[in-house]
Protein chains: 2
Amino acid sequence: MIQNLNEHQKEDLQEALAHGGQKVTPQREVVYAVLLAKRDHPTVDEVFQRARESMPGLSLATVYNCLETFVGCGLVRQVNHERESTRYCPNLAPHAHFRDESTGRVHDIELPDHVLTTLRSLLPSGFETEAIEISFHGHTKNSRNHTSN
Amino acid sequence: MIQNLNEHQKEDLQEALAHGGQKVTPQREVVYAVLLAKRDHPTVDEVFQRARESMPGLSLATVYNCLETFVGCGLVRQVNHERESTRYCPNLAPHAHFRDESTGRVHDIELPDHVLTTLRSLLPSGFETEAIEISFHGHTKNSRNHTSN
DNA sequence: GTGGGTGTTTAGAATGATTCAAAACCTCAA
DNA sequence: TTGAGGTTTTGAATCATTCTAAACACCCAC
């Protein structure tokens, strides 16, 4: 069963929500508490299951709503931005992707070896990586005028 | 309309497929040609549309099959690995994620500022980034025995 | 060339995550 | 008390992807 939020956490929640003119609700408290309770990157459905233990009437849609709200006010991060269709590219050289949010276009960004090495060095021992995915999200200046491919 | 593969490209395809004991087929040629023709990271559906121009009978399922095969034999990259449920975490400090493929568990990896700076410096001018997502995929040693969390 | 066998393609159904729509709810303020 | 807002609920709708089963195509042994 999920602990209630402590004072400090309640404040964080209240403050973050206040920005968008939004309110603290019992559902939001529970969902937030679930996220804080076990930091194992739960899926929406996992959050739903856990939250229901303290609030049986809670609906899945509400969990989606809460999470979206939290992400919107910077209280929580989404681990998997890229929930659109999978994309493919025949560029096999190690490279990152830059996704221009205004156009939806994806650009390749070359990755020098030393960057990959540095990244790999951040991993605790015992972690063996087969792939590193890096994606930037942002905007390109004058992106409105880009016509190139 | 998509160009046919040139000799060199045909060889690449043939060779890559040969590894898994798989064959070059007209459909695979067309799909591969589509990927090479316009390197704009198309979605499956976009590939499907383009490929149909040269091969009207082609089915969507086949495009999925071809792409999966290509990824399997390292001919093509999938831009969006993470096609499972979106996950959420309340860790707001900049960090990457390591996904252990054997357990499905996701670990946070701290990201020192200098790494982020370096990464940002790879972008061409005019690219302004709001978020950088980094995810490692691999295995942790003894992951079979992990019971924590 | 005939008959399997194997891997490939096809169409359509099934799945699963997510979003949408509409009604019911709550709360606060006039 | 009424009304306006945002919020929650339920269930339906959407959309990418995967699955299933049937039709194909190719190749090798006979």
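Chain letters run A, B, ... following the sequence lines, proteins first, then strands; residues in each count from 1.
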Do Glu133(A) and Glu133(B) have side-chain heavy atoms sitting under 4.5 Å apart? no
Can you build the contact string for nucleotides 9-14 of chain C? Use B for base contact, S for sugar-phosphate-only contact, and - for no protein heavy atom under 4.0 Å. BBB---
Sugar-phosphate means primed atoms, P, OP1 and OP2; the rest is base. With that split, encode nucleotides 24-30 of chain C 5' to 3' as B, S or - using protein heavy atoms under 4.0 Å. -------
Residues at least two apart in sequence or cross-chain that pass salt bridge (charged side-chain N to carboxylate O under 4.0 Å, His left out) with Glu128(B), listed by chain then number, are Lys141(A)
Counting Watson-Crick and G-U wobble pairs with both distances under 3.5 Å, what is the dot-bracket string for DNA chain C, 5' to 3', using [ ] for crossing pairs and | for pairs to another strand? ||||||||||||||||||||||||||||||
Name each donor-acceptor pair under 3.5 Å that joins a side chain in residues 13-35 of chain B to protein atoms two or more places apart or in another chain, with its distance.
residue, atom, partner, partner atom, Å
Thr25(B), OG1, Arg28(B), N, 3.1
Arg28(B), NH1, Lys23(B), O, 2.7

Once side-chain hydrogen bond (donor to acceptor under 3.5 Å, both in side chains) is applied, do any residues pair with Glu11(B), and if so which ones, sequence neighbours excluded? none
Partner set under side-chain hydrogen bond (donor to acceptor under 3.5 Å, both in side chains) for Ser59(A), not counting sequence neighbours: Thr62(A)
DNA chain C nearest-nucleotide lookup for Gly21(B) and Tyr64(A): closer to the 5′ end is Gly21(B)
Report the distance from atom CD of Gln78(A) to atom C1' of dT18(C), rounded to the nearest whole Å. 11 Å
List in chain and number order the residues that pass side-chain hydrogen bond (donor to acceptor under 3.5 Å, both in side chains) with Asp45(B), two or more places apart in sequence or in another chain; answer none if no residue qualifies. Gln49(B)
Between atom CZ in Phe48(B) and atom C1' in dT18(D), what is the gap in whole Å? 16 Å
Centroid separation Phe127(B) to His107(A) less than 6.0 Å: yes
Taking only distance into account, with no hydrogens and no angle test, what donor-acceptor pairs under 3.5 Å do side-chain atoms of residues 108-123 of chain A form with protein atoms, sequence neighbours excluded?
residue, atom, partner, partner atom, Å
Asp108(A), OD1, His97(A), NE2, 3.4
Asp108(A), OD1, His41(B), NE2, 2.5
Asp108(A), OD2, Asn91(A), ND2, 2.8
Thr117(A), OG1, Asp113(A), O, 2.9
Thr118(A), OG1, His114(A), O, 2.6
Ser121(A), OG, Thr118(A), O, 2.5

May I have the distance from Glu46(B) (atom CD) to dT17(D) (atom P), rounded to whole angstrom? 11 Å
Given atom CD of Glu68(A) and atom C1' of dA17(C), what is their separation to the nearest angstrom? 14 Å
Please name all residues satisfying side chain to side chain contact (heavy atoms under 4.5 Å, CB included) with Gln3(A), sequence neighbours left out, ordered by chain then number. none
Is there any salt bridge (charged side-chain N to carboxylate O under 4.0 Å, His left out) pair reaching into residues 48-65 of chain A, and which pairs are they, with sequence neighbours excluded? Asp40(A)-Arg50(A)
side-chain hydrogen bond (donor to acceptor under 3.5 Å, both in side chains) partners of Glu130(B), counting only residues at least two apart: His139(A)
